[in-house]
Enquirer: 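Could you have a look at this structure, given as structure tokens, before my questions?
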2 protein chains.
Amino acid sequence: MLIHVDRESRTPLYLQIKNQIRDMIFSGVLSPGFRLPPERKLAETLNVNRSTVLNAYHELKADRLIESRVGCGTVVLEPHSAARGQNAPFACPEPIHWRQFFSVTSSRQQNPLLQDLMQLLHRREDVISFSLGIPAVELYPISVFQDIQSEILKKHGQATLSFLPTEGYYPLRESISRFMRKSGAAVSPEEILVLSGSQQGIDLAARTLIDPGDVILAEEPSFFCAVQVFRSAGARVIGVPIDENGMRTDLLESFLARYKPKFIYTIPNFQNPSGTVMSPERRRQMLNLAYSYRTPILEDDAYGELRYEGQPVTSLKALDQHGYVIYLSTFSKTLSPGVRIGWLAAARPVIRQIVMAKQLNDIHTNSLAQFVLDGFLRRGLFEQHLQMIRQEYVKRRNMMMDALQKSMLPGVCWNVPEGGLYLWCRLPERIDKSTVLLMRAIDQGVTFVPGEAFYLEEQGCNHIRLNFALQPKGVIEEGVKRLVKALRETLVSTESLEKEIKAQTNPLF
Amino acid sequence: MLIHVDRESRTPLYLQIKNQIRDMIFSGVLSPGFRLPPERKLAETLNVNRSTVLNAYHELKADRLIESRVGCGTVVLEPHSAARGQNAPFACPEPIHWRQFFSVTSSRQQNPLLQDLMQLLHRREDVISFSLGIPAVELYPISVFQDIQSEILKKHGQATLSFLPTEGYYPLRESISRFMRKSGAAVSPEEILVLSGSQQGIDLAARTLIDPGDVILAEEPSFFCAVQVFRSAGARVIGVPIDENGMRTDLLESFLARYKPKFIYTIPNFQNPSGTVMSPERRRQMLNLAYSYRTPILEDDAYGELRYEGQPVTSLKALDQHGYVIYLSTFSKTLSPGVRIGWLAAARPVIRQIVMAKQLNDIHTNSLAQFVLDGFLRRGLFEQHLQMIRQEYVKRRNMMMDALQKSMLPGVCWNVPEGGLYLWCRLPERIDKSTVLLMRAIDQGVTFVPGEAFYLEEQGCNHIRLNFALQPKGVIEEGVKRLVKALRETLVSTESLEKEIKAQTNPLF
């Protein structure tokens, strides 16, 4: 039993002793039945008066943490019953079955695919992730952040730990406004709400806009976390087909007329998962349809800045002159996901209403992160960083395509995305559930996101989403090798399974 | 027109020129109709080839940002129509009336009292706040944080900006688990979920547990942001009366039998707003009732560590041996509200389910903040900090009580809270809506939270909540002076109003 007394502390010695013994009891270092040293002995060991130890033991007895037993000395009691302060028995209930208490909406969320993948990657460092939707870790501007951080802590002191308005740190809202103006969206700082990541914006917008039974239109395939949020809020999500130019606006009007959706959710730039960009013509058509059918648009532009080739296309927010578009973006795909900052740009009545939802959710976003990000933007470092990662990611995209090409797998093909993070990769048709392939891939030490995750109804899907930007040279090639191995195994086993089925069924028919 | 060319940049000169002109157009520095200098002239000014400027102008024309007009030279176009990429007209819709699009739940949130108070305080630095529920800004451990931060950034580098599991940074979960064990709650790190503030925990627990129509029991008066969250999730919130020993458990059974609530929400330590502590006996009674009626408890312990006098009372979580209690706490009331970190401790099935809700809300809490807070806890600095603020806050409590005492206002009295942040102050009965007093107080330059905010039904209330810990010596006295002045004015005006009413009504009756 190791007790340390600090004679210079303001805490009286007896209390120091009492507290340390109490902590050892609660933490299990001293278990029930343990015999404490006699008071005199402990007093000698610690070089304190006997009365000091007496007082400490006295307090511990009062707390029912220890008791004196005849012939046994002083022994430790069971800490939980002791912690109750009294020893009268509790009612002894059945264990609680939590599942019975979860809300209907919450109970429906049974498929935490992303969560499982994230946990897997934290447990197994040998697994190469092509699955996470984040940028390359080794390119996070850590040293620049460090510099800005110490500067800001010095300059703003306590304010960096203090509360901020729910809307966000005003200078950061200004910086974001300036940033958006550069690509043509005339958004004032008052029309910007700082978020704890753009996922929060999807969630808060859903809560602010969706009544149970509402319909939301979205591209199909689309970002599953958005779809889940809309469904949690009670919406029915209807998929509008896409092609290489994004959502098919030739079909959109009939969807609007039929379903009268509460809003349209779209990822016009480097769509997740397909990587497609909505053409300028389609954007204009979508806006005109939104105006005619009085339907707002939720524009999710998480990937817009990650363009490696071709001309930027003006955002729906910049095109919209009538306040129909709620725009979302984030620093998670360009700067770092851990900083947890995104933003929403919309007409002021929308900002006001969503702020009320944020107030009840997390009150405001981490203060220091907002100060530091503002510093980063104001120094023009974000643009520099974007240039750097664009140059790197396009190389990685090419490396992944080369590696896949070299594997010479028949029936495997992919888009060539002009930007973003993902290769949307089609596998041979025999692989109709890419989740099966995922199990084999994990065995091989590589992960991806199975295509069926992005579809609204459960259905077979021979696509997978690969993040080409996350892994550095060398690792990309190794990951593709593992993936190809898993794929070959799956193909062989489905082939033999097919043969088997054929063999079994042929005699019968 | 100031253009700067950087000959060492990787961006071609013509693009540098193009981008700067584009930015000036979008930011309004160059307005529509502005005549750009002739190509030759600009080339001379910038000391570049004429073809470089030609190329820049050519690109700007392609983007429909400028055009050549006969006899006018090159002029800037309207950037918004230019940004559209095409000039064909848009449908010209009616402006959108956003109120028509807000969900029923969202539309009900019409009283953003807290938000208004926060914004007021950010606008007017001369106003003394006794209203915000935060600790004293000047005591945030900024220099310690700075040291830990640079240490951690050096040690963990990129990881501090990278993603973390939704459950939180595992070492921080360990530190919190150790911290909770010290006061007797045997909670494992796996039973802890790191939150972006404990408000998020209230919100996520509500979404995970509440179905529309469920009943929640809560102390009345109680924390209004919790009540609002429960209502947003569709619950009916029923108030159980409190006295100086917390929720009246003698009445609780009849409430449980009648309303069959989904859970009981309680703030057992230094209740917000009343400052009362639920007695050990009542805690045992509440738990026994919870077991008998199979009703979980949501224990909000935001203030438990802020005890200045008397003996700590064991938490419901520590007393509960059967997993009925979901425990919430936060660093916002002890360390800093801007760090936005709280936590939830509960049985693993609850953690798993709430994690799914958090995943769809903000994915995970800011990474660096979690690393730094863990460093703070591991170095034992949190306990030191708690000792320091406890010593200071009890002084401030006494100062505020003294100042109120000295004002000699008849009919004003208050509790003497053993901890927490608030004085729950009763005013003369004539003041039946303290919101009216608040308007006068703001005029005088002081704020508080009017008592009616904490009641479930709209009702008169002659209580106000004063944060005694937030302001330093001197400011407390000045704030009380202003408050007393506002109170005297209100009393006089209600008195004269009463006289007037009497004078008017007497002849009639």
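Atom set for the values below is all heavy atoms of this structure, side chains included, hydrogens, waters and symmetry mates excluded. Since the structure is predicted, the reported quantities are computational estimates derived from the model, not experimental observations. All chains are named by letter (A, B, ...) in the order of the sequence lines, taking the proteins before the strands, and each is independently numbered beginning at 1.
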Enquirer: Please determine, among A/Val104, A/Thr365, A/Ile341, the option with the most heavy-atom pairs under 4.5 Å with chain B.
Expert: A/Val104

Enquirer: Once rounded to the nearest 0.5 Å, what's the spacing between atom CG of A/Leu360 and atom CG of B/Asp203?
Expert: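 The CG atom of A/Leu360 sits 7.0 Å away from the CG atom of B/Asp203.
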
Enquirer: Please classify the contact of B/Ile326 with chain A as side chain, backbone, both or neither, using a heavy-atom distance under 4.5 Å.
Expert: side chain

Enquirer: Passes side chain to side chain contact (heavy atoms under 4.5 Å, CB included), A/Asp362 versus B/Gln199? Steps please.
Expert: CA-CA 6 Å; A/Asp362 69 353; B/Gln199 179 69 31; over 6 Å; no

Enquirer: To the nearest 0.5 Å, what is the distance between CG (A/Leu139) and CD (B/Gln158)?
Expert: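 Here the interatomic distance stands at 8.0 Å.
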
Enquirer: In Å, rounded to the nearest 0.5 Å, how long is the span from CG of B/Leu132 to CZ of A/Phe163?
Expert: 4.5 Å

Enquirer: Looking at every non-hydrogen atom in both residues, tell me the closest pair between A/Phe101 and B/Arg294 and how far apart they are.
Expert: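 What the structure gives for the nearest pair is CZ-O, 3.2 Å.
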
Enquirer: If I measure from the heavy atoms of chain B, does A/Tyr170 come under 4.5 Å with its side chain, its backbone, both, or neither?
Expert: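 It is neither, since no heavy atom gets under 4.5 Å.
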
Enquirer: Side chain from CB out, backbone as N, CA, C, O: work out which of these in A/Leu289 comes under 4.5 Å of a heavy atom of chain B, or both, or neither.
Expert: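 Neither part.
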
Enquirer: Looking at B/Arg178, B/Gln149, B/Arg181, B/Gln200, which makes the most heavy-atom pairs under 4.5 Å with chain A?
Expert: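 Option with the top pair count is B/Gln149.
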
Enquirer: Quick one: does any side-chain atom of B/Arg340 pair with a main-chain N or O of A/His364 as donor and acceptor, under 3.5 Å?
Expert: yes

Enquirer: For the atom pair CD (B/Gln228) and CD (A/Gln359), what is the distance rounded to the nearest 0.5 Å?
Expert: 8.0 Å

Enquirer: What part of A/Ala347 lies closer than 4.5 angstrom to a heavy atom of chain B: side chain, backbone, both or neither?
Expert: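 For A/Ala347, side-chain heavy atoms alone lie under 4.5 Å from chain B.
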
Enquirer: Using a 4.5 angstrom heavy-atom cutoff, name the option from A/Gly323, A/Pro349, A/Pro296 with the most pairs to chain B.
Expert: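 Looking at each option in turn, the highest pair count goes to A/Pro296.
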
Enquirer: Return the set of residues passing side chain to side chain contact (heavy atoms under 4.5 Å, CB included) with B/Glu138 (not counting sequence neighbours), or none when no residue passes.
Expert: B/Ala136, B/Arg396, B/Pro472

Enquirer: Tell me, out of B/Lys154, B/Lys262, B/Arg207, who's got the most heavy-atom pairs with chain A below 4.5 Å.
Expert: B/Arg207

Enquirer: Counting only non-hydrogen atoms closer than 4.5 Å, does A/Ser143 touch chain B with its backbone (N, CA, C, O), its side chain (CB onward), both, or neither?
Expert: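 No part of it gets close to chain B.
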
Enquirer: Of the listed residues (B/Ala369, B/Ala290, B/Gly338), which shares the most heavy-atom pairs with chain A below a 4.5 Å separation?
Expert: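 Answer, by heavy-atom pair count under 4.5 Å with chain A: B/Gly338.
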
Enquirer: Decide side chain to side chain contact (heavy atoms under 4.5 Å, CB included) for A/Trp98 and B/Leu209; before the verdict, give the C-alpha distance in whole Å, the side-chain angles of both, and the deciding distance to 0.1 Å.
Expert: CA-CA 9 Å; A/Trp98 275 104; B/Leu209 295 170; 4.0 Å; yes

Enquirer: Under 4.5 Å heavy-atom distance to chain A, tell me which part of B/Phe263 shows up: side chain, backbone, both or neither.
Expert: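 Neither part, no heavy atoms under 4.5 Å.
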
Enquirer: Who among A/Pro337, A/Gly157, A/Ser198, A/Ala226 has the most heavy-atom pairs with chain B under 4.5 Å?
Expert: A/Pro337

Enquirer: Roughly how far, to the nearest 0.5 Å, is OG of B/Ser106 from CD1 of A/Ile354?
Expert: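 It is 8.5 Å, given to the nearest 0.5 Å.
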
Enquirer: Which answer fits A/Thr160, side chain, backbone, both or neither, if we ask what part of it has an atom under 4.5 Å from a heavy atom of chain B?
Expert: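 Contact with chain B: side chain only.
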
Enquirer: Under 4.5 Å from any heavy atom of chain A, what part of B/Arg22 do you find: side chain, backbone, both or neither?
Expert: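 Contact with chain A is through the side chain of B/Arg22 alone.
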
Enquirer: Picking from A/Gly197, A/Ser196, A/Ser162, which has the most non-hydrogen pairs under 4.5 angstrom with chain B?
Expert: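 Option with the top pair count is A/Ser162.
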
Enquirer: Using non-hydrogen atoms and a 4.5 Å limit, figure out which bit of B/Ile96 sits close to chain A: side chain, backbone, both or neither.
Expert: both

Enquirer: Please flag which part of B/Ser232 lies under 4.5 Å from any non-hydrogen atom of chain A: side chain, backbone, both or neither.
Expert: side chain

Enquirer: Could you measure the distance from the CG atom of A/Leu161 to the CD atom of B/Gln146? Nearest 0.5 Å is fine.
Expert: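 It is 9.5 Å, given to the nearest 0.5 Å.
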
Enquirer: Ignoring hydrogens and geometry, is there a side-chain-to-backbone donor-acceptor pair from B/Ser103 to A/Asp211 under 3.5 Å?
Expert: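 It does not hold such a pair.
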
Enquirer: Sort out for me which residue in B/Val229, B/Asn361, B/Ile202 forms a side chain to side chain contact (heavy atoms under 4.5 Å, CB included) with A/Asn361.
Expert: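 Exactly one pass, corresponding to B/Asn361.
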
